[in-house]
Chemist: 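Structure in structure tokens, see below.
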There are 2 protein chains.
Amino acid sequence: MTVPTGRRERKKAATRQKIADTALRLFLERGYEAVGIREVAAEADIAVTTLFSHFASKEALVFEQDADFERALTRAVTERAPGEPLVPALRREIHALVRHCTAEGAAPVQHMIDESPALRRYEESMRLRHAESLATALLADPARTATPLACRTLARFTVDAYALAREAPEPEAAVDEIFRMIEGAWGVAAGAGTGSGATGS
Amino acid sequence: MTVPTGRRERKKAATRQKIADTALRLFLERGYEAVGIREVAAEADIAVTTLFSHFASKEALVFEQDADFERALTRAVTERAPGEPLVPALRREIHALVRHCTAEGAAPVQHMIDESPALRRYEESMRLRHAESLATALLADPARTATPLACRTLARFTVDAYALAREAPEPEAAVDEIFRMIEGAWGVAAGAGTGSGATGS
DNA sequence: ATTCGAAAAGCTAACGGTTAGTGTTATGGT
DNA sequence: ACCATAACACTAACCGTTAGCTTTTCGAAT
């Protein structure tokens, strides 16, 4: 166990940040596809191999906060108030994420993503990863009553809600509409023996 | 309008098939990542550029029947019996597709896909395309009562059902379980003013 | 039958993301 | 002071994919 504030880790984080900042700046200035990896590395004054030791791919440069999103999703499940029903907790979290990504500052980045097929594909496969880790969290929930398959289904529906809301004209309202449907779906899955409506675990 | 049985189109189809067959054979023999595009082209005795004029990418070689799947999905909506409710029609179609892909002959191909991250990613983005064209079909449905967003949501949930069922230990039963949840979701969306249960359009 | 336009296939050469292999420096623990 | 290791660098390549251009093959109209 080393000290959490080692100089090494600070330098590494700084390098990583410098790469991400440089890349995003160049991408926004001249377009994602128009900027090559070699250019990004040169501009950030690091070697190409170093860049790839910090980021697994060119697309990953754009989705720097990937891991934060993933954590936020699973925490909405694992750290929710004791006894709080599942779906509303997820709905709140998706609301927060959508709000965070439709904030004013995020508009140019979002436009860039929409323009590039490569980035769109990457974003979707990223969401799939998030769905899988959310499913893991749901399966581990101590208050779980639903089947494993129902949990995996809920996880996918939840990230679908995010994706669909982002494309909708009114994202916030879209989240509510979709989550009304998810409540309907979860009511069937969670109340498998109950028969009554939407009182999930 | 030319005659449908032109020699040109036959030859083109034959070339396409030869490429796909050769590629699949090599992939199964030696592994997807271990076989390069140039090898496939050489073995099929065609030029690399010709290969890419028939298939948009290396991954597309594996999912040759892509377009068939897409058509099958949308037809389940557009050509269903008059007055037949939507969700059961979709359920039947997903059942058929799952059965088709869990047939005995498909096992090695499926294993190959599971092993390769690139193929998994491609398959998911393919499904997304299918969801979008299914959404288009749902929006154009003359008997539609649900909102556009609800249609798009149903489309995504439907392809989710396919993906989840494929990974489940008992795919056929999984389809039924997930579609019970989808019925619950659709009941909310379609009966927006009705109040009663699952009698969608 | 000949001719002509267009689609299909071919070749070469490159571009751009990514990785292997190898070496060098800086850092932290002992 | 010393060593293991993590971070970074450099070169050179690999591989999927595309551009540019030529050649072949077919379909149809004269």
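So that the names make sense, note that chain A is the first sequence line, chain B the second, and so on, each numbered from 1.
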Chemist: What's the angle between the local helix axes at either end of the helix from C:dA1-D:dT30 to C:dT30-D:dA1, using five pairs per end and rounding to 10 degrees?
Modeler: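 Its terminal axes enclose an angle near 20°.
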
Chemist: Quick one: CD1 on A:Ile94 to CZ on A:Arg166, what's the gap to the nearest 0.5 Å?
Modeler: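 Interatomic distance, A:Ile94 CD1 to A:Arg166 CZ, rounded to 0.5 Å: 11.5 Å.
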
Chemist: What is the distance, to the nearest angstrom, from the CD1 atom on B:Ile46 to the C1' atom on C:dA7?
Modeler: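 From B:Ile46 CD1 to C:dA7 C1': 16 Å.
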
Chemist: According to the salt bridge (Lys or Arg N to Asp or Glu O under 4.0 Å) rule, which pairs have a member within residues 101-114 of chain A, sequence neighbours left out?
Modeler: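 Of all non-adjacent pairs touching residues 101-114 of chain A, those that pass salt bridge (Lys or Arg N to Asp or Glu O under 4.0 Å) are A:Asp114-A:Arg120.
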
Chemist: Measure the distance from NZ on B:Lys12 to P on C:dA8 and round it to the nearest whole Å.
Modeler: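 That distance rounds to 4 Å.
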
Chemist: For B:Lys11 and B:Val35, find the nucleotide of DNA chain D closest to each by heavy atoms; which residue's nucleotide sits nearer the 5' end?
Modeler: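 Taking each residue's closest nucleotide, the earlier one in sequence belongs to B:Val35.
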
Chemist: May I have the distance from A:Ile37 (atom CD1) to C:dG16 (atom C1'), rounded to whole angstrom?
Modeler: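 Roughly 9 Å, once rounded to whole Å.
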
Chemist: What integer distance in Å separates A:Glu9:CD from D:dC8:P?
Modeler: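 One finds 12 Å between P of D:dC8 and CD of A:Glu9, rounded.
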
Chemist: Under 3.5 Å, is there an N or O donor on one side and an acceptor on the other linking the side chain of B:Arg8 and the base of D:dT25?
Modeler: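 Per atom types, the contact qualifies.
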
Chemist: When the side chains of residues 42-54 of chain A are checked against the rest of the protein, which donor-acceptor pairs come out under 3.5 Å, sequence neighbours left out?
Modeler:
residue, atom, partner, partner atom, Å
A:Glu43, OE2, A:Arg25, NH2, 3.1
A:Ser53, OG, A:Thr50, O, 2.7

Chemist: Please confirm whether the shortest side-chain N or O distance from A:Thr15 to OP1 or OP2 of D:dC8 is below 4.0 Å.
Modeler: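 Yes, A:Thr15 has a side-chain N/O under 4.0 Å of OP1/OP2 on D:dC8.
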
Chemist: Using the side-chain hydrogen bond (donor to acceptor under 3.5 Å, both in side chains) criterion, which residues pair with B:Arg75? Sequence neighbours excluded.
Modeler: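 Listed in chain order: nothing, the list is empty.
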
Chemist: Tell me every residue that passes salt bridge (Lys or Arg N to Asp or Glu O under 4.0 Å) with B:Glu33, counting only those two or more places apart in sequence or in another chain.
Modeler: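 Once residues adjacent in sequence are excluded, B:Glu33 has no partner under the salt bridge (Lys or Arg N to Asp or Glu O under 4.0 Å) criterion.
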
Chemist: Minimum heavy-atom separation for A:Arg80 to A:Ala143, with atom names?
Modeler: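 For A:Arg80 versus A:Ala143, the nearest heavy atoms are NH2-CB, 4.3 Å.
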
Chemist: Give the rounded distance in Å between these two atoms: CD of B:Glu33 and P of C:dT18.
Modeler: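 In whole Å, C:dT18 P lies 14 Å from B:Glu33 CD.
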
Chemist: Using side-chain hydrogen bond (donor to acceptor under 3.5 Å, both in side chains) as the criterion, list what pairs up with B:Arg16, not counting sequence neighbours.
Modeler: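 Result, side-chain hydrogen bond (donor to acceptor under 3.5 Å, both in side chains) vs B:Arg16: none returned.
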
Chemist: Judged by atom type as modelled, is there a donor-acceptor pair below 3.5 Å linking the side chain of A:Arg144 to the main-chain atoms of A:Leu139?
Modeler: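 Side chain of A:Arg144 to backbone of A:Leu139: a pair is present.
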
Chemist: Verify, without hydrogens or angle tests, whether B:Glu39 (side chain) and B:Gly36 (backbone) share a donor-acceptor contact under 3.5 angstrom.
Modeler: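 Yes, the answer is positive, given that a donor and an acceptor are paired below the 3.5 Å cut-off.
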
Chemist: Could you tell me which non-hydrogen atom of B:Thr158 sits nearest to which non-hydrogen atom of B:Leu90, and how far apart they are?
Modeler: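 That would be OG1-CD1, 3.7 Å.
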
Chemist: Between side-chain atoms of residues 125-135 of chain A and protein atoms elsewhere (two or more places apart, or another chain), which donor-acceptor pairs fall under 3.5 Å?
Modeler:
residue, atom, partner, partner atom, Å
A:Ser125, OG, A:Tyr122, O, 3.1
A:Arg127, NH1, A:Glu124, OE2, 3.2
A:Arg127, NH2, A:Glu123, OE2, 2.7
A:Arg129, NH2, A:Asp66, OD1, 3.1
A:Arg129, NH2, A:Asp66, OD2, 2.3
A:His130, NE2, A:Asp66, OD1, 2.7
A:Ser133, OG, A:Glu70, OE2, 3.2
A:Ser133, OG, A:His130, O, 3.3

Chemist: Tell me: CZ of A:Arg16 to C1' of D:dC8, nearest whole Å?
Modeler: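 Taking CZ of A:Arg16 and C1' of D:dC8, I get 16 Å after rounding.
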
Chemist: Run the ring-ring contact (aromatic ring centres under 6.0 Å, His included) test against B:Phe27 and tell me which residues pass, sequence neighbours left out.
Modeler: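 For B:Phe27, the residues satisfying ring-ring contact (aromatic ring centres under 6.0 Å, His included) (neighbours in sequence not counted) are B:Tyr32.
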
Chemist: Hey, can you pull the donor-acceptor pairs under 3.5 Å for the side chains in residues 169-180 of chain B, sequence neighbours left out?
Modeler:
residue, atom, partner, partner atom, Å
B:Glu172, OE1, B:His95, ND1, 3.1
B:Glu172, OE2, B:Arg99, NE, 3.3
B:Asp176, OD1, B:Arg91, NH1, 3.2
B:Asp176, OD1, B:His95, NE2, 2.9
B:Glu177, OE2, A:Thr147, OG1, 2.4

Chemist: Quick one, which residues of residues 18-25 of chain B touch DNA chain C with a heavy atom under 4.0 Å?
Modeler: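 Under 4.0 Å from DNA chain C: no residue of residues 18-25 of chain B.
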
Chemist: B:Arg121 CZ to C:dT18 P: how many Å, rounded?
Modeler: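 Taking CZ of B:Arg121 and P of C:dT18, I get 10 Å after rounding.
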
Chemist: Which residues in residues 50-65 of chain B have a heavy atom closer than 4.0 Å to any atom of DNA chain C?
Modeler: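 Heavy-atom cutoff 4.0 Å gives B:Thr50, B:His54.
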
Chemist: Test salt bridge (charged side-chain N to carboxylate O under 4.0 Å, His left out) on A:Asp68 and A:Arg71 and set out the steps.
Modeler: CA-CA 5 Å; A:Asp68 298 335; A:Arg71 267 192 295 276; 3.0 Å; yes

Chemist: To the nearest Å, how far apart are A:Leu119 CG and C:dG17 P?
Modeler: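 Rounding to the nearest Å, CG of A:Leu119 and P of C:dG17 are 12 Å apart.
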
Chemist: Please enumerate all protein N or O atoms sitting under 3.5 Å from an N or O of nucleotides 12-14 of chain D, with distances to 0.1 Å.
Modeler:
residue, atom, partner, partner atom, Å
D:dA13, N6, A:Arg38, NH2, 3.3

